[in-house]
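All remarks here apply to the structure that follows.
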Amino acid sequence: MKAIAVVSGGLDSMLSAKLIMNQGIEVTGVHLLIPFSKYANENIYREKVKELGKNLGIEIIALSTGIDYLELIKKPRYGYGKNINPCIDCHIYMFKRAKKLMEEIDAKFIITGEVLGQRPMSQNKATLELIEKRSELQGLIVRPLSAKALKETIPEKEGRIDREKLLGIVGKSRKIQLEKARELGLQGYGTPAGGCLLTDPGFARRVQDLIKSDMLTLDTIDLIKNGRYFALSDKFKLIVARDYNENINLKSLAKERYLVIESISKGPDAIGIGDINDERIKQSVEIVAYYCKKEKEHARIKYGIYPETGKYEMSINRNEIKIDLQKGAV
């Protein structure tokens with residue numbers, strides 16, 4: 001018999017899959033590649049998912065997200081959490097995708113690491129039931145860590161899994177999970193919270209600004225994972241690298257019609273997106289010049305509109321920079 005395990009990479013989801021695997025059930029993992037992960041790009045993300053599968057001893061299928069997922073972020077039916085994380089809508093979306101895969105491989109139920117009472121918005125009894133109903137999976141989502149505190153699922157009623165070998169955890173403490181993981185020799189799991197950047201207040205403000213400006217795309221999400229972010233107008237944003245790695249990341253993300261700024265003096269590179277004009281270019285170059293190393297009075301900057309990067313050059317006297325760095329900083 002087969003089952004699908006929704007694996008985030010955290011302790012709870014990996015332990016839940018392991019508990020069902022130990023009952024002799026063939027488990028295939030599924031991981032939703034959310035654009036708001038901490039990883040710089042999807043290739044790195046997919047490699048991490050492969051590592052999770054090796055640690056758990058199962059295949060994990062990575063599912064990409066697209067425009068439909070971004071629309072969910074912009075207008076969630078069930079609202080946001082503390083920041084801009086639409087956890088309920090995200091869970092429904094995730095389970096619908098898992099249900100489709102379950103049907104394709106003839107699996108009988110879905111496993112998840114949700115713990116009753118661990119998160120107030122998305123892991124209370126009423127919300128868990130709502131998520132099951134909206135994803136058309138009533139009775140088919142098994143939560144091994146809290147099973148004994150919840151209603152029996154269809155696989156339990158049918159004797160496909162032994163309820164007595166499941167747990168009854170309620171609340172935020174992970175003491176029992178950690179003990180069980182040590183007992184089972186489980187390794188390679190991530191830290192609690194799963195790494196969704198939408199729960200980070202600073203990143204959430206950037207996303208909110210892009211939504212307000214109608215500029216939230218898969219491309220702009222990757223950009224704002226880097227550097228300092230300046231909303232210089234409603235339709236122009238500047239991202240300035242903070243270190244060498246971010247310089248590399250930003251330049252690798254440059255696309256048609258992006259303003260690309262490079263420091264000839266020691267300093268950061270930057271990307272500008274949106275409505276580009278002479279005023280925005282001058283503002284952007286001055287901001288980059290401000291963050292250049294201050295051994296010299298002047299900072300030399302190259303800039304251009306991709307793909308013609310480095311087409312122009314400007315020398316900025318730092319003593320004459322009058323731009324307010326706090327204005328527009330997000």
Is it true that a side-chain atom of K237 and a backbone atom of S233 form a donor plus acceptor pair closer than 3.5 Å? yes
Report the C-alpha separation of H91 and I88 in whole Å, then their side-chain angles, then the decisive distance to 0.1 Å, and conclude whether the side-chain contact (heavy atoms from CB on, under 4.5 Å) test is met. CA-CA 5 Å; H91 275 67; I88 296 174; 5.9 Å; no
Taking S8 for the side chain and G10 for the main chain, is one N or O donor matched with an acceptor at less than 3.5 Å? yes
Does the pair L250 and L223 meet the rule for a side-chain contact (heavy atoms from CB on, under 4.5 Å), with working shown? CA-CA 7 Å; L250 283 182; L223 279 174; 3.8 Å; yes
What's the verdict on salt bridge (Lys or Arg N to Asp or Glu O under 4.0 Å) for K50 and E47, showing C-alpha distance, side-chain angles and the deciding distance? CA-CA 5 Å; K50 285 183 182 178; E47 286 303 313; 3.6 Å; yes
Rounded distance [0.5 Å steps], CD1 in I154 versus CD1 in I161: 11.0 Å
Check: S64/R46 side-chain N/O donor and acceptor closer than 3.5 Å: yes
Among all residues two or more places apart in sequence or in another chain, which pass the salt bridge (charged side-chain N to carboxylate O under 4.0 Å, His left out) test with E256? none
Gap separating the OG1 atom of T153 from the CD atom of Q138, nearest 0.5 angstrom: 13.0 Å
Tell me whether S315 contacts the main-chain N or O of R300 through its side chain, where contact means a donor paired with an acceptor under 3.5 Å. no
Any chance NZ of K125 has more than 12 other-residue heavy atoms, nucleotides or ligands included, within less than 6.0 Å? no
For Y93, all residues meeting side-chain hydrogen bond (donor to acceptor under 3.5 Å, both in side chains), sequence neighbours excluded: D68, R97
OG1/T199 to OH/Y80 distance, rounded to the nearest 0.5 angstrom? 14.5 Å
Testing the 3.5 Å rule here: is there a donor-acceptor pair between the side chains of N55 and Y189? no
Does K100, at its NZ atom, have more than 12 non-hydrogen atoms belonging to other residues, nucleotides or ligands within less than 6.0 Å? no
Are there over 12 heavy-atom neighbours, none belonging to D324, within less than 6.0 Å of that residue's CG? yes
Working to the nearest 0.5 angstrom, can you tell me the gap between L56 CG and E51 CD? 13.5 Å
Are M121 and L116 connected in the hydrophobic side-chain network, where two residues link if heavy atoms are under 4.5 Å apart? no
One pair to check against side-chain contact (heavy atoms from CB on, under 4.5 Å): K96 and K99. What are the steps and the verdict? CA-CA 5 Å; K96 283 183 176 180; K99 179 177 183 285; 5.6 Å; no
So which pairs with a foot in residues 245-274 pass ring pair (Phe, Tyr, Trp, His ring centres under 6.0 Å), sequence neighbours left out? none
Results of side-chain hydrogen bond (donor to acceptor under 3.5 Å, both in side chains) for D275 - residues two or more places apart only: none
Cluster overlap I273 with L232, hydrophobic side-chain contacts below 4.5 Å: no
Neighbour count above 12 (heavy atom, 6.0 Å) for K48 NZ: no
Between E183 (side chain only) and E179 (backbone N and O only), is there a donor and an acceptor less than 3.5 Å apart? no
Taking side chain as C-beta onward, heavy atoms only, is I271 less than 4.5 Å from Y306? no
Flag for D12-Q177: side-chain donor and acceptor within less than 3.5 Å: yes
Just checking D214: does its CG atom have more than 12 heavy atoms from other residues, nucleotides or ligands closer to it than 6.0 angstrom? no
Under the 3.5 angstrom rule, does the side chain of T220 hit a backbone N or O of T217 as a donor-acceptor pair? yes
Is a side-chain donor or acceptor of N317 paired with a backbone partner of H298 at a separation under 3.5 angstrom? no
Pair V207, I224 - check side-chain contact (heavy atoms from CB on, under 4.5 Å), show working. CA-CA 8 Å; V207 173; I224 66 172; 4.0 Å; yes
Taking the six-membered ring of Y291 as reference, does the NZ or CZ atom of R228 fall below 6.0 Å from its centre and within a 45° cone about the axis? yes
Would you say K148's side chain and L145's backbone share a donor-acceptor pair under 3.5 angstrom? no
With the side chain counted from C-beta on, respond yes when V115 and R143 share a heavy-atom pair under 4.5 Å apart, and no when they do not. no
Under 3.5 Å, is there a donor-acceptor pair between the side chain of D269 and the main chain of S263? yes
In this structure, are over 12 heavy atoms from other groups packed under 6.0 Å from Q187 atom CD? no
Taking atom NZ of K180 and atom CG of L19, what is their separation to the nearest 0.5 Å? 6.5 Å
Hey, are N124 and T127 close enough side-chain-wise for a donor-acceptor pair under 3.5 Å? yes
Gap separating the CD1 atom of I141 from the CD atom of E132, nearest 0.5 angstrom: 4.5 Å
Heavy-atom distance under 4.5 Å between the side chains of I20 and F109, does that happen here? yes
Using the six-membered ring wherever Trp is involved, compare the ring planes of Y45 and H31 and label them parallel, tilted or perpendicular (cut-offs 30° and 60°). perpendicular
Distance alone, cut at 3.5 Å: any donor-acceptor contact between the side chains of Q118 and R174? yes
Less than 4.5 Å apart, side chain to side chain, heavy atoms only: is that true for R134 and R77? yes
Closest heavy-atom pair, A204 versus N83, reported as atoms and distance to 0.1 Å, is CB-CB, 3.9 Å
Can you establish whether the number of heavy atoms outside Q326 located under 6.0 Å from its atom CD is more than 12? no
Side chain proximity check, K74 to L216, heavy atoms < 4.5 angstrom: yes
Under the 3.5 angstrom rule, does the side chain of S146 hit a backbone N or O of I169 as a donor-acceptor pair? yes
Side chain to side chain, R119 and K172, heavy atoms closer than 4.5 Å: no
Can a salt bridge be assigned to the pair R163 and E156 using a cut-off of 4.0 Å between side-chain N and carboxylate O? yes
Please verify the inter-ring angle class for F36 with F203; under 30° counts as parallel, over 60° as perpendicular, anything in between as tilted. perpendicular
Run the side-chain contact (heavy atoms from CB on, under 4.5 Å) test against I305 and tell me which residues pass, sequence neighbours left out. R257, L259, I276
Any sub-3.5 Å donor-acceptor pair from N85's side-chain atoms to C87's backbone N or O? no
I'd like to check the salt bridge (charged side-chain N to carboxylate O under 4.0 Å, His left out) partners of K225; sequence neighbours left out, ordered by chain and number. D222
Name the residue from I264, I301, V285 that meets the side-chain contact (heavy atoms from CB on, under 4.5 Å) definition with E313. I264
Worked verdict on E129 versus K133 for salt bridge (Lys or Arg N to Asp or Glu O under 4.0 Å): CA-CA 6 Å; E129 290 177 3; K133 182 178 180 181; over 6 Å; no
